[in-house]
Amino acid sequence: MLIKKPHAWQMAENEVTSEAHYKNRRQFLRAMGIAATGSVAVTGFPGMALGLTAKAKAVRDLDYKTTEYDPGEDQTSFQAVTSYNNFYEFGTAKSDPADYAHEMTTDPWSITVEGHCGNGGQFALEDVIDFSSLEERIYRHRCVEAWSMVIPWLGVPLASVLQKFGPTAEAKYVQFETYANRDEMWGLSRPVLNWPYVEGLRMDEAMHPLAFMSVGLYGKELLNQNGAPLRLVVPWKYGFKGIKSIIAIRFVSDMPRTSWNESNAREYGFYSNVNPSVQHPRWSQSTERRIGEFFRRDTLMFNGYEEEVASLYRGMDLSRYF
Ligand SMILES: Nc1nc2c(c(=O)[nH]1)N[C@H]1C(S)=C(S)[C@@H](COP(=O)(O)O)O[C@H]1N2
Ligand SMILES: [Mo]
């Protein structure tokens, strides 16, 4: 914890493990017969830049179809996407999730669905996600901390998941909850947030075609640090709305509690739409640092998805409903 390690984005481009290189390393591990055994400590292989230690989890390749969702910007390297993370249940340093999230058990996984819906209950992952119809969506990812990435997610539209449960007319919002197990997530013993992590969307936001339930990235299952086995991706909102490792979905009639809003309502609103003209009380949101790039970029209204989502907020004062 006290050892300061360089982050992937601080390394020169040629030091960062490329996706191809990562694949080669996995093939090497598989050849040695150790990749399929779950978590193994891997040290000193080519590409483990600067002597970093990584825990590898066996992840399957997934079948998917490509889509037109692609901002046409350079994708952030697999190395950066999987080593520079926020998942406070495993610690608040950017490198903590990659170091500790392998301790989380993701198989078997069950999801509880409750509230205003016709078909609630307890479901296995495969009953919630149709793995035969996965899509790739390349989305911009903008953290409220003013850094950003471009990530090729795999998953299904959130609407297709929620519709299975038959939400009723009383379902005005949906709340999501993250797995919380103190034996596997050491960060839960610190009062950083009011655990378990909860997030929510207004129902029309959740049903919007851009809202996505992700189970993978870069052609493979999610690594635990990215929120395995399923996490939300809402590309027009700040990253913290993208709740990881979901174990509960609740259809509710009133605006639900959300962890960040509860921890500091002045700084983190329920909506948290990316908005370059609404400043965070402690920093500007008008520009961002794209991981892997040198110059800052202008932050785009609704993270560049304004044309698609602006109608959701027609008539709302976005400086008030931030
Ligand atoms: N359960 C949980 N979900 C979470 C977080 C977290 O700490 N715990 N961090 C959020 C934040 S602040 C961001 S920016 C994204 C980061 O996702 P990534 O690590 O896959 O890039 O996850 C979000 N989801
Ligand atoms: Mo974030």
Side-chain angles (χ1 to χ4, degrees), residues 7-9 59 75-101 104 106 109 111 137-155 175-181 184-188 190-201 212-218 220-249 257-264 267-269 272-274 280 282-283 285 288-292 299 303:
H7 297 305
W9 53 266
V59 281
Q75 294 173 28
T76 306
S77 74
F78 180 86
Q79 173 72 16
V81 171
T82 58
S83 65
Y84 185 83
N85 301 102
N86 279 331
F87 199 162
Y88 281 9
E89 288 86 337
F90 298 103
T92 55
K94 291 288 179 287
S95 56
D96 281 340
D99 285 344
Y100 301 109
M104 171 171 66
T106 58
W109 191 265
I111 298 128
R137 301 258 185 121
I138 305 167
Y139 280 160
R140 295 185 199 89
H141 174 51
R142 171 56 159 85
C143 177
V144 74
E145 298 162 338
W147 53 265
S148 66
M149 298 188 181
V150 174
I151 304 179
W153 301 105
L154 304 180
Q175 187 190 42
F176 302 87
E177 182 176 318
T178 295
Y179 181 66
N181 178 345
E184 301 180 352
M185 304 161 115
W186 70 270
L188 293 175
R190 290 177 164 183
V192 180
L193 290 170
N194 199 357
W195 313 113
Y197 196 104
V198 284
E199 256 309 333
L201 297 170
F212 202 56
M213 186 68 92
S214 172
V215 295
L217 57 81
Y218 268 113
K220 300 179 240 294
E221 290 176 297
L222 290 174
L223 286 168
N224 289 357
Q225 55 264 44
N226 295 108
L230 80 170
R231 61 89 56 83
L232 212 61
V233 177
V234 193
W236 70 94
K237 292 179 179 284
Y238 291 119
F240 68 84
K241 299 295 288 184
I243 181 171
K244 295 179 169 181
S245 305
I246 295 166
I247 55 143
I249 299 177
R257 301 171 37 230
T258 63
S259 290
W260 279 101
N261 180 247
E262 203 167 52
S263 81
N264 193 335
E267 299 191 350
Y268 308 104
S272 287
N273 293 313
V274 175
H280 187 280
R282 291 181 282 131
W283 59 82
Q285 294 292 27
E288 65 200 49
R289 185 168 51 82
R290 176 68 53 86
I291 301 302
T299 288
N303 204 22

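Read the numbers this way: they start at 1 and go in the same order the structure lists the ligands and their atoms.
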Original post:
Does the pair W147 and Y84 meet the rule for a ring pair (Phe, Tyr, Trp, His ring centres under 6.0 Å), with working shown?
Top reply: CA-CA 11 Å; W147 53 265; Y84 185 83; 5.1 Å; yes
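Between Y84 and ligand 1, not a single N/O pair is under 3.5 Å apart. The shortest N or O to N or O distance between E89 and ligand 1 is below 3.5 Å. Here's the thing with C143: none of its N/O atoms is less than 3.5 angstrom from an N/O atom of ligand 1. Remark: ligand 1 and W260 share no N or O pair separated by less than 3.5 Å (distance only, no angle test).
S148 and R290 share a donor-acceptor pair across their side chains, judged by distance under 3.5 Å alone.
The protein heavy-atom contact nearest to atom 21 (O) of ligand 1 is H141 NE2, 2.9 Å. Of all protein heavy atoms, the one closest to atom 3 (N) of ligand 1 is K244 N, 3.2 Å. Considering only non-hydrogen protein atoms, atom 9 (N) of ligand 1 sits nearest to N86 O, 3.2 Å. Annotation: atom 7 (O) of ligand 1 to nearest protein heavy atom, Y88 N, 2.8 Å.
Close approach to T178 involves these atoms of ligand 1, each under 4.0 Å from a residue heavy atom: 1 (N). Atoms of ligand 1 found under 4.0 Å from any heavy atom of G242, numbered from 1 in the order shown, are 22 (O), 23 (C), 24 (N).
Of all heavy-atom pairs between L222 and L217, the closest is CD2-CD2, 3.9 Å. Between Q175 and R257, the closest heavy-atom pair is NE2-O, 3.1 Å.
A heavy-atom distance below 4.5 Å is found between the side chains of R142 and T299.
Ligand 1 lies nowhere less than 4.0 angstrom from a heavy atom belonging to M149.
A salt bridge links E145 with K94: the closest approach of a Lys/Arg side-chain nitrogen to an acidic carboxylate oxygen falls below 4.0 angstrom.
Both the sub-6.0 Å distance and the 45° axial angle are satisfied by K220 relative to the ring of F78.
For atom 23 (C) of ligand 1, the nearest non-hydrogen atom from the set A180, G239, S245 belongs to G239.
A ring-centre distance under 6.0 Å is found for Y88 and W260.
Within the 4.0 Å heavy-atom criterion, the part of Y197 lying near ligand 1 is the side chain and not the backbone. At a heavy-atom distance under 4.0 Å, atoms from both the backbone and the side chain of N85 approach ligand 1.
Between F240 and Y238, the two ring planes are parallel [angle under 30°; tilted spans 30° to 60°].
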